[in-house]
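Some notes on the structure that comes next.
The figures that follow rest on heavy atoms only: side chains count, while hydrogens, waters and symmetry mates do not. Note that this is a predicted model, so its numbers are computed, not measured.
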Amino acid sequence: MIDEADERWIAEHGYADDNPLLGQIEHARDLLRDNPELGIEVRQDGRLRGVVRRLLLGSGWHLYYRFHAEQQHIEILAVWFASRGSGPPL
């Protein structure tokens, strides 16, 4: 999904412009390391799979993720453009 977003950026803005989405994903990753429950809860996936959360990035994209507290692990599930009108297939 990140590659698709990058290709979309290049198609719309050209190679000369840096894609801010990539930097925002890196920044979100750093934020979530210290604050894994920062995103809003969008779905409960049952006891084994955990809570799916969504974090709005500055460019209008959403980062969907799960935090596995036992392993202290963040699983990024999707990067999805907010104006698509529906959520990603999770």
* Asked: Is it the case that one hydrophobic cluster holds both I76 and L31, taking links as side-chain heavy atoms less than 4.5 Å apart, direct or via other members?
  -> yes
- Are V42 and L56 linked, directly or through other ILVMFWY residues, by side chains that come within less than 4.5 angstrom of each other?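 Result: no, two separate clusters.
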side-chain hydrogen bond (donor to acceptor under 3.5 Å, both in side chains) partners of E26, counting only residues at least two apart: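 For E26 there are no side-chain hydrogen bond (donor to acceptor under 3.5 Å, both in side chains) partners, ignoring immediate neighbours.
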Quick one: pull up [atom1] in [X] and [atom2] in [Y] and give me the separation to the nearest 0.5 Å.
X: F81; Y: L57; atom1: CZ; atom2: CG; result: 11.0 Å
X: L55; Y: Q24; atom1: CG; atom2: CD; result: 10.0 Å
X: R53; Y: L63; atom1: CZ; atom2: CG; result: 12.5 Å

- Query: Who passes side-chain contact (heavy atoms from CB on, under 4.5 Å) against E75, sequence neighbours left out?
  - Reply: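 In terms of side-chain contact (heavy atoms from CB on, under 4.5 Å), with neighbours along the sequence ignored, E75 is linked to R66, H68, H73, L77.
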Review point. Who are the side-chain contact (heavy atoms from CB on, under 4.5 Å) partners of A78, not counting sequence neighbours?
Key: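 side-chain contact (heavy atoms from CB on, under 4.5 Å) check on A78 returns M1, Y64, P88, L90.
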- With a 4.5 Å limit on heavy-atom distance, are the side chains of L32 and Y65 in contact?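 Yes, close enough: below the 4.5 Å cut-off.
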Exercise. Within a strict 4.5 Å, meaning less than it, do heavy atoms of the V79 and L21 side chains meet?
Worked result: yes
In short, R33 meets I74 closest at the heavy-atom pair N-CD1, 4.0 Å
